[in-house]
Colleague: 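Can you read through this structure? Questions will come right after.
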Amino acid sequence: MATATTCFLTVLITGITATLVMDGWSVLRQRAFAIAAPNYGLVGRWILHMRHGQFRHNPITQSPPVAGETVGGWLAHYLIGIVFASLLLATGGQAWINHPTAGLPILIGLVTVAAPFLLMQPGMGAGIAASRTPAPNKARLQSLLNHGVFGVGLYIGGWASHFILY
């Protein structure tokens with residue numbers, strides 16, 4: 001049985017690794033296919049405006065910039081990745097930690113697309129599942145691909161943490 005510290009470190013390593021894999025995918029698709037990388041500064045702007053009671057923008061690009069939005073957005077991006085990793089480990093438990101398999105993390109990665117579809121995109125003025133964007137189906141596909149890659153990253157992170165900690 002793993003200690004609380006070991007479980008915490010497993011979540012940390014798995015979440016950071018998965019988020020790094022997702023970011024690597026963004027760089028690759030940007031260079032290979034000229035697909036713009038996500039702008040986490042806008043995520044930071046959205047989150048930092050919340051402290052003043054503004055939760056919805058129409059669109060976020062027209063809201064005034066906030067000091068520290070880029071750093072805040074990147075921090076939020078990695079913290080969210082860690083939270084999603086905790087969902088994986090809460091679901092898979094010690095058995096998954098002892099022997100990571102690919103199915104559950106990829107499923108968790110795909111399920112996490114609900115967060116941008118139902119919270120982030122509507123809050124940033126893009127509508128539910130990017131319905132108010134110029135090419136909603138393209139945006140949806142990119143979100144699904146990104147979160148699927150994040151799921152692969154969770155699997156890689158699970159093995160990384162397994163080798164480091166166990």
Side-chain angles (χ1 to χ4, degrees), residues 1-30 37-56 60 66-124 126 128-130 140 142-166:
M1 185 58 109
T3 66
T5 300
T6 306
C7 286
F8 173 76
L9 291 173
T10 299
V11 167
L12 203 62
I13 292 167
T14 303
I16 290 171
T17 301
T19 308
L20 284 168
V21 168
M22 185 173 151
D23 291 340
W25 165 252
S26 290
V27 169
L28 178 68
R29 71 187 187 138
Q30 183 177 24
N39 183 344
Y40 295 112
L42 294 177
V43 174
R45 183 180 300 177
W46 176 56
I47 291 169
L48 291 170
H49 273 283
M50 289 180 189
R51 63 188 170 171
H52 303 293
Q54 186 174 6
F55 296 92
R56 191 170 180 288
I60 190 69
V66 179
E69 66 185 33
T70 300
V71 171
W74 278 96
L75 282 172
H77 172 56
Y78 275 83
L79 288 173
I80 291 165
I82 292 165
V83 168
F84 287 160
S86 71
L87 293 176
L88 166 64
L89 298 175
T91 305
Q94 190 65 46
W96 189 86
I97 293 170
N98 290 340
H99 186 74
T101 56
L104 182 60
I106 292 171
L107 178 63
I108 296 285
L110 291 171
V111 167
T112 63
V113 82
F117 279 1
L118 301 175
L119 296 173
M120 189 183 80
Q121 291 168 354
M124 294 174 72
I128 293 174
R140 292 171 188 143
Q142 289 306 314
S143 291
L144 282 168
L145 286 171
N146 287 344
H147 284 257
V149 169
F150 176 77
V152 171
L154 287 171
Y155 175 61
I156 294 168
W159 274 110
S161 66
H162 179 80
F163 286 123
I164 293 167
L165 300 171
Y166 298 94

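Everything quoted here is computed from the prediction, not taken from an experiment.
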Colleague: Which pair of heavy atoms, one from Trp159 and one from His99, lies closest together, and at what distance?
Modeller: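 Smallest interatomic distance, heavy atoms only, reads CH2-ND1, 3.8 Å.
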Colleague: Considering only heavy atoms from C-beta outward, does the side chain of Tyr40 approach that of Leu75 to under 4.5 Å?
Modeller: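 Tyr40 vs Leu75: side chains apart.
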Colleague: Could you check if a side-chain atom of His52 sits within less than 4.5 angstrom of a side-chain atom of Val66, using non-hydrogen atoms only?
Modeller: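 Heavy-atom side-chain distance check fails, nothing below 4.5 Å.
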Colleague: Taking the side chain as every heavy atom from C-beta outward, state whether Trp25 and Gln30 have any atom pair closer than 4.5 Å.
Modeller: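 No, their side chains stay 4.5 Å or more apart.
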Colleague: Give, for atom OG1 of Thr3 and atom CZ of Phe8, the distance between the pair rounded to the nearest 0.5 Å.
Modeller: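 Answer for the OG1-CZ pair, Thr3 versus Phe8, is 11.5 Å.
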Colleague: Using modelled atom types only, decide if a donor and an acceptor are shared between the side chain of Gln121 and the backbone of Ala126 within a distance under 3.5 Å.
Modeller: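 Absent.
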Colleague: Identify the residue among Leu118, Leu144, Leu145, Asn146 that makes a side chain to side chain contact (heavy atoms under 4.5 Å, CB included) with Val113.
Modeller: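 The residue from Leu118, Leu144, Leu145, Asn146 that satisfies side chain to side chain contact (heavy atoms under 4.5 Å, CB included) with Val113 turns out to be Leu144.
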Colleague: Could you pull out the closest heavy-atom pair between Leu104 and Gly92, with the gap in Å?
Modeller: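 Minimum heavy-atom contact is CD2-CA, 3.5 Å.
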Colleague: Rounded at 0.5 Å granularity, tell me how far CE in Met124 sits from CD1 in Ile47.
Modeller: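 If I round to the nearest 0.5 Å, the distance is 8.5 Å.
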Colleague: Quick one: which of Thr91, Thr10, Leu88 gives a side chain to side chain contact (heavy atoms under 4.5 Å, CB included) with Trp96?
Modeller: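 Only match with Trp96 under side chain to side chain contact (heavy atoms under 4.5 Å, CB included): Leu88.
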Colleague: Can you tell me if His162 uses its side chain to pair, donor with acceptor, with the backbone of Ile97 under 3.5 Å?
Modeller: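 Flag set: sc His162 to bb Ile97 pair under 3.5 Å.
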Colleague: Sub-3.5 Å donor-acceptor pair from the side chain of Trp74 to the main-chain atoms of Gly41, do we have one?
Modeller: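 No; judged by distance alone, with no hydrogens or angles, the pair does not exist.
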Colleague: What is the minimum heavy-atom distance between Arg29 and Pro38, and which atoms define it?
Modeller: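 Arg29 and Pro38 have their closest heavy atoms at NH2-CD, 3.6 Å.
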Colleague: Rounded to the nearest 0.5 Å, what's the gap from CG on Leu9 to OG1 on Thr5? Could you check?
Modeller: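 Separation between the atoms: 6.5 Å.
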Colleague: Below 4.5 Å, heavy atoms only, C-beta onward: do Thr19 and Phe150 meet side chain to side chain?
Modeller: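 Thr19 reaches Phe150 side chain to side chain.
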Colleague: For the residue pair Trp46 and Met120, what are the closest heavy atoms and their distance?
Modeller: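 Taking Trp46 first and Met120 second, the nearest heavy atoms are CH2-CA, 3.6 Å.
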Colleague: Measure the spacing between CG of Leu154 and CD1 of Ile106 and express it to the nearest 0.5 Å.
Modeller: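 Going from the CG atom of Leu154 to the CD1 atom of Ile106 covers 9.5 Å.
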Colleague: To the nearest 0.5 Å, tell me how far Asn39 CG sits from Arg45 CZ.
Modeller: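 If we round to the nearest 0.5 Å, Asn39:CG and Arg45:CZ are 8.0 Å apart.
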Colleague: Give me the atom names and distance for the closest heavy-atom approach of Phe84 to Ala115.
Modeller: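 For Phe84 and Ala115, the tightest heavy-atom pair comes out as CZ-CB, 3.9 Å.
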Colleague: Can a donor-acceptor pair be found, under 3.5 Å and without considering hydrogens, that links the side chain of Thr17 to the backbone of Thr14?
Modeller: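 No, the answer is negative, given that no donor and acceptor are paired below the 3.5 Å cut-off.
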Colleague: For Pro116 and Pro122, work out which heavy atoms get closest and say how close.
Modeller: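 That closest heavy-atom pairing would be O-CD, 3.7 Å.
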Colleague: I'd like to know whether CD1 of Ile128 has more than 12 heavy-atom contacts from other residues, nucleotides or ligands below 6.0 angstrom.
Modeller: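 Check fails, neighbour count at 12 or below.
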Colleague: Quick one: does Thr6's side chain get under 4.5 Å of Tyr166's, heavy atoms only?
Modeller: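 Yes - at least one pair of side-chain heavy atoms lies under 4.5 Å apart.
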Colleague: Would His77 and Asp23 count as a side chain to side chain contact (heavy atoms under 4.5 Å, CB included) if you check the C-alpha gap in whole Å, the side-chain angles of each, and the deciding distance to 0.1 Å?
Modeller: CA-CA 10 Å; His77 172 56; Asp23 291 340; 2.7 Å; yes
Colleague: Kindly compute the distance separating NE2 (His147) from OG1 (Thr112), expressed to the nearest 0.5 Å.
Modeller: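 It comes to 5.0 Å.
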